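It should be emphasised that the depicted structure is a prediction, and the values quoted were computed from it without experimental measurement. Just so you know, residue 1 is the first one in the sequence shown, and it goes up from there.
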Amino acid sequence: MNRVYLIALSVLTATLAGCFSQPPAPAEDRGATAQTTTAPAGPGYYTVKRGDTLYRIAIENGQDYRDIAAWNYITNPAEIKEGQILRVIPPVAEGSAVVTSPVDGGGSVEARPLDAPPASASGFKTEPRVGKEPYSDAAYIRLNPQTDPRPEAKPETTAMPPAAPGPDDVPWIWPATGKLVAPFSESGNKGLDLAGKAGDPILAAGDGKVVYVGSGLRGYGELVIIKHNATFLSAYAHNRKILVKEGAQVTRGQKIAEMGNTDSDTVKLHFEIRKQGKPVDPAQYLPKR
């Protein structure tokens with residue numbers, strides 16, 4: 001009896017030892033945040049980088065920062081995060097997608113007499129081709145009149161008319177009368193720097209809407225940005241005093257600010273023209289002085 005008891009006790013001990021020797025099942029951390037993979041931003045979208053502000057993203061894409069905030073359901077412009085993908089072009093209105101007509105694939109059979117020439121792809125009958133003509137100088141000139149050496153055979157040339165202005169062209173004026181002290185540079189200065197005295201008037205270079213007023217863009221000081229249309233913005237930096245508010249409509253030549261040296265070591269106006277968000281040389285658009 002004691003032997004049977006000892007055997008049963010040994011079996012039970014071995015079984016329990018095997019259970020405790022197995023590694024514990026991994027615990028699931030339900031409090032951890034799921035990692036998400038962000039896809040690269042496609043056309044019309046922008047991925048926020050370290051140090052970006054909504055104001056800078058807006059000017060770089062030729063938009064009003066309030067529009068970008070609305071398109072992305074942002075209530076506080078300061079609350080954007082690195083890696084966040086933002087829409088920077090207007091969303092397409094529902095129902096405005098381009099609709100294409102299906103191609104008629106019905107292979108209709110052309111009915112014609114056997115000796116009639118086939119119809120062309122456009123549906124019109126084609127004339128039979130004329131046989132080749134033996135080569136001669138006269139025949140060559142007749143087929144290629146531009147090679148005729150006779151002066152009277154030369155066609156009259158007409159001057160190409162200038163291209164018609166585009167719908168978004170702006171009749172620009174100079175925003176200040178001061179001397180140009182720094183021209184535009186692709187790799188450096190993104191606009192023109194005009195010298196002057198503190199308090200000199202700064203004028204709107206064209207009609208438009210004020211889309212930004214403030215000092216939120218580093219390096220620009222007190223800044224005004226005007227959106228003229230879907231293509232062009234203009235920026236006026238380093239002002240000492242701003243005379244317009246965001247959302248105001250301004251007209252060309254209207255005084256919008258006073259020249260200053262905010263965020264600058266000298267009194268000057270830094271003036272930019274941006275075409276679809278990209279800086280362009282204002283000297284190519286402003287009237288010649």
Side-chain angles (χ1 to χ4, degrees), residues 30-100 166-170 186 190-191 204-239 242-250 256-257 262-263 270-280 282:
R30 298 184 181 274
T33 302
Q35 297 295 321
T36 58
T37 303
T38 302
Y45 291 85
Y46 177 83
T47 303
V48 178
K49 301 179 180 64
R50 183 183 298 274
D52 276 343
T53 64
L54 194 64
Y55 309 113
R56 185 173 292 277
I57 293 171
I59 189 175
E60 293 291 343
N61 289 276
Q63 303 292 354
D64 185 335
Y65 77 92
R66 289 166 296 188
D67 289 337
I68 293 181
W71 300 334
N72 294 278
Y73 307 101
I74 296 172
T75 56
N76 185 351
E79 291 181 354
I80 59 173
K81 299 178 180 179
E82 183 180 359
Q84 184 177 356
I85 295 179
L86 301 178
R87 175 185 286 277
V88 292
I89 61 172
V92 179
E94 185 178 358
S96 62
V98 177
V99 179
T100 58
D168 284 347
D169 286 351
V170 177
E186 289 282 356
K190 299 303 182 184
D207 297 346
K209 176 184 176 183
V210 178
V211 296
Y212 179 79
V213 169
S215 56
L217 276 73
R218 183 178 301 174
Y220 286 85
E222 292 294 333
L223 174 68
V224 178
I225 299 175
I226 297 175
K227 184 170 185 176
H228 302 281
N229 48 46
T231 301
F232 288 103
L233 293 175
S234 60
Y236 313 74
H238 307 307
N239 305 291
I242 296 175
L243 306 175
V244 291
K245 296 182 179 180
E246 288 184 6
Q249 293 289 337
V250 296
I256 58 173
T262 54
D263 213 356
H270 175 75
F271 174 68
E272 293 184 9
I273 292 178
R274 293 194 173 231
K275 184 177 183 180
Q276 295 176 338
K278 305 305 177 185
V280 293

Closest approach of [X] to [Y] (non-hydrogen atoms, all atoms of both residues):
X	Y	answer
I74	E79	CG2-O, 4.5 Å
A230	D168	CB-OD2, 4.0 Å
I242	N239	CG1-CB, 4.3 Å
V213	E246	N-OE2, 3.2 Å
E60	K278	O-NZ, 4.1 Å
S234	H228	OG-NE2, 2.7 Å

Distance in Å, [X] [atom1] paired with [Y] [atom2], rounded so as to fall on 0.5 Å steps:
X	Y	atom1	atom2	answer
T47	Q84	OG1	CD	10.0 Å
W71	I89	CH2	CD1	8.0 Å
R274	I225	CZ	CD1	8.0 Å
K190	E272	NZ	CD	9.0 Å

(message) Is the ring pair F271/Y236 parallel, tilted or perpendicular, if the boundaries are 30 and 60 degrees?
(response)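 F271 vs Y236 ring planes: tilted.
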(request) Would you please name every residue forming a side-chain contact (heavy atoms from CB on, under 4.5 Å) with N61, sequence neighbours left out? (result)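 Counting only residues at least two positions away or on another chain, N61 forms a side-chain contact (heavy atoms from CB on, under 4.5 Å) with I57, Q63, V88.
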Report, one line per pair, each donor and acceptor closer than 3.5 Å where one atom sits in a side chain of residues 48-55; sequence neighbours left out.
unit_1	atom_1	unit_2	atom_2	d
R50	NH2	E82	OE1	3.3
D52	OD2	Y46	OH	2.6
D52	OD2	K49	N	2.8
T53	OG1	R56	N	3.1

(message) Here's a test for you: under side chain to side chain contact (heavy atoms under 4.5 Å, CB included), which of I59, D64, L233, L217 qualifies with Y212?
(response)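 Answer after filtering I59, D64, L233, L217: L217.
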(message) Assess the residue pair I273 and V170 against the criterion (side chain to side chain contact (heavy atoms under 4.5 Å, CB included)); give the C-alpha distance rounded to whole Å, side-chain angles, the decisive distance to 0.1 Å, and a yes or no.
(response) CA-CA 11 Å; I273 292 178; V170 177; over 6 Å; no
(request) Taking the side chain as every heavy atom from C-beta outward, state whether I256 and L243 have any atom pair closer than 4.5 Å. (result)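 Of all side-chain heavy-atom pairs linking L243 with I256, none is under 4.5 Å.
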